Structures are given as structure tokens and as C-alpha cells.
Protein chains: 2
Amino acid sequence: MTYQQYMEFIQHTSESIFSECPVRKTLELLNGKWKLILIYELSKKNSYRFGELRKAIPTITNTMLTSTLRELEEIDIVHREQYNEIPPHVEYSLTEKGKSFFPMFFEIAKWGEKYL
Amino acid sequence: MTYQQYMEFIQHTSESIFSECPVRKTLELLNGKWKLILIYELSKKNSYRFGELRKAIPTITNTMLTSTLRELEEIDIVHREQYNEIPPHVEYSLTEKGKSFFPMFFEIAKWGEKYL
DNA sequence: CAGTATCCGTTGAGATACTG
DNA sequence: CAGTATCTCAACGGATACTG
């Protein structure tokens, strides 16, 4: 995307009042320390178990992993599938809405590879 | 970008250990409630004055605007230009590194327009 | 296994008042 | 105009104990 193209885009989104701006609203939705990190991790595989996520993101605590998963479930970004076996078995995966963040992660990766 | 293309990309970035992953590192760099919102606002114009940013983002406080601007200056995303006049005059703008977030905002906007 | 409950300490953020 | 200083409150972190 060129600078010129971005300027045309931003002129368009700027017309919506600030609180109705899709960028602003999306950023607010994803506000919180772990949301994007978790969505990104979930994008790597079809499904994850709770303990698997803990290992994949070693710095998150039990409590924060649970509450972040619940919040993402609430807004239909994460799907929780429970299998009533003994021992219990739960699978977390991204919904279609969640998978729609893929292009954004791709752009973030390009930025990171260039500047970090 | 297709699903297949994302899967190839993610397989590549997953090879780097978690803490070295460019996506993860970028997300950590941008961690904080106001960083992305501020960078996005700064993307709309060539430069902003302090008071102008306050008006543009009415929900941010004086304190958080100052400290977020300082943090973004530190990592070379925001440039601060001070004019020693009376009354004081300061201009904030994005560096090239800051402007490199444009494609990401474009993807975020597309997501928001589709799902919000 | 996949959590919840509790408590407590630390850090991030908000509100208000004030200043070079 | 462009901020600081200070105080308070909410979010997050870390440990431990416990359960369907």
C-alpha cells in the first residue's frame, strides 16, 4: 500500500466521528495486556487445550489466561469446546471472526521483522 | 491474503522461539492502553500540537498523553519538535518507523468495518 | 485436566490541582 | 500552551489452596 493510498483511506475513516471510527473501536475491543497475544497464539494451530496455551505463553498466569479466554469467548473471537470426559478436556479455537485477524498479524510481523 | 498463505507465514514465524517472535515482540512494544490509539491519531495529519491531541482523543488524560508520547519518542516512533516561543509551541509527528504502521491500521479498519 | 477462589503486592491509569 | 505533581483507584501479577 502506498502513502497516497493510506491518505485516501484515512480521509475516509476520519469522516466518522472519533468514537464511531472502526480502527478506534477495534483497538478498544482488543484493549488489555493479553488479548492480541492470545489470539495470535491461537492462530498457529487449529485448537489448543488450556494447559497447552499456558506452556505456549509461559508468562501468562492461570487467572489471566482464564479471564482473557472468557472475554474473547464473549465477543465471539474464541470458541470453547468442552468434552465431558474424565479427566476433563477442553479445546479452544478461533472463530471465523477471530481468524479474520490473520492479515493484521501478517502486517505486524512485517513491521517487527523490519524494525526490531 | 489467503488462508493457505497465512499458514505458510505462521509456520515460518513459529520457528523462532516465542520470546524472539517478531509479532510477539511488536505486540509487547505496543503494550499499553493508549499507544496504538495515539499512533493512529498521529497518522491522520502531518503534525499535532499537544492540545490538539487532547481534543482529538477526548478520553485520554493529560498525564497519560504526556507519558505515552514520551514512551513513543523513546522508541523512535514519535518525533517531538519544540519551538521556543511565548507561549510555548510543540509539534508531534510520526517518524518513518511510526508511519510504517499504516498498513496495519488499514487491516484493522477492514476488520472493524466488517465485524463491528 | 481445567479450572475457581482468595489474598495480597505491584504497576498502570484516572482525577484534580498547579506551573514555567 | 504544554505540561508536572500528587493522590487515588483499577488492572494485573504471584502464590497458594481447592474442586467438578
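Keep in mind that what you see is a predicted model, and the values were worked out from it rather than measured. Residue numbering restarts at 1 for every chain, and letters A, B, ... go by the order of the sequence lines.
- In this entry the distance linking CG of B:Leu53 with P of D:dA2 reads 9 Å, nearest Å.
- The heavy-atom pair separating B:Met1 from A:Pro103 by the smallest distance is SD-CA, 3.9 Å.
- Protein atom CG of B:Asn62 is 17 Å distant from nucleotide atom C1' of D:dT8, rounded to whole Å.
- A:Arg49 comes within 4.0 angstrom of the backbone, heavy atoms only, and of no base.
- Across all strands, A:Arg70 comes closer than 4.0 Å only to sugar-phosphate atoms, never to a base (heavy-atom distances).
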For residues 48-56 of chain A, which side-chain donor-acceptor pairs fall under 3.5 Å, sequence neighbours excluded?
residue: A:Tyr48; atom: OH; partner: A:Glu41; partner atom: O; Å: 3.1
residue: A:Tyr48; atom: OH; partner: A:Glu41; partner atom: OE2; Å: 2.8
residue: A:Glu52; atom: OE1; partner: A:Arg49; partner atom: N; Å: 2.8
residue: A:Glu52; atom: OE2; partner: A:Lys45; partner atom: NZ; Å: 2.4
residue: A:Arg54; atom: NH2; partner: A:Ile60; partner atom: O; Å: 3.1

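- Remark: C1' of D:dA15 and CG of A:Leu65 are 17 Å apart, rounded to the nearest angstrom.
- In this structure D:dT8 sits in a base pair with C:dA13, meeting the Watson-Crick or G-U test at under 3.5 Å.
- Of all nucleotides present, only C:dC7 satisfies the Watson-Crick or G-U wobble test against D:dG14, with each distance under 3.5 Å.
- The base of C:dA15 sits with one of its N or O atoms less than 3.5 Å from a complementary donor or acceptor on the side chain of B:Thr63.
- One finds a salt bridge joining B:Glu107 and B:Lys110 here, because a Lys/Arg side-chain nitrogen approaches an Asp/Glu carboxylate oxygen to under 4.0 Å.
- For the residue pair B:Thr26 and A:Tyr115, no side-chain donor N or O sits within less than 3.5 Å of a side-chain acceptor on the partner.
- Summarising the geometry, the separation between CZ on B:Arg54 and P on D:dC1 is reported as 12 Å, rounded to the nearest angstrom.
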side-chain hydrogen bond (donor to acceptor under 3.5 Å, both in side chains) between B:Glu8 and B:Gln4, worked out:
CA-CA 6 Å; B:Glu8 282 165 23; B:Gln4 178 63 22; 3.2 Å; yes

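- For the pair B:Lys99 and B:Glu96, the salt-bridge criterion is met [side-chain N within less than 4.0 Å of a carboxylate O].
- In this structure, A:Tyr48 places its OH atom 16 Å from P of C:dG3, rounding to the nearest Å.
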Heteroatom pairs (N/O) under 3.5 angstrom, protein to nucleotides 10-13 of chain D:
residue: D:dG13; atom: OP1; partner: A:Lys33; partner atom: NZ; Å: 2.8
residue: D:dG13; atom: OP2; partner: A:Trp34; partner atom: NE1; Å: 2.9

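- Here D:dG3 presents its C1' atom at 13 Å from CD of B:Glu73, a figure rounded to the nearest Å.
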Under the salt bridge (Lys or Arg N to Asp or Glu O under 4.0 Å) criterion, do B:Glu73 and B:Arg70 qualify, and how do the steps go?
CA-CA 5 Å; B:Glu73 237 188 297; B:Arg70 296 285 175 277; 3.7 Å; yes

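- To the nearest 0.5 angstrom, B:Leu42 atom CG is 8.0 Å from B:Ser93 atom OG.
- Between the CG atom in B:Leu30 and the CZ atom in B:Phe101 there is a gap of 4.5 Å [rounded to 0.5 Å].
- Against DNA chain D, the stretch residues 74-92 of chain A makes heavy-atom approaches under 4.0 Å through A:Pro88.
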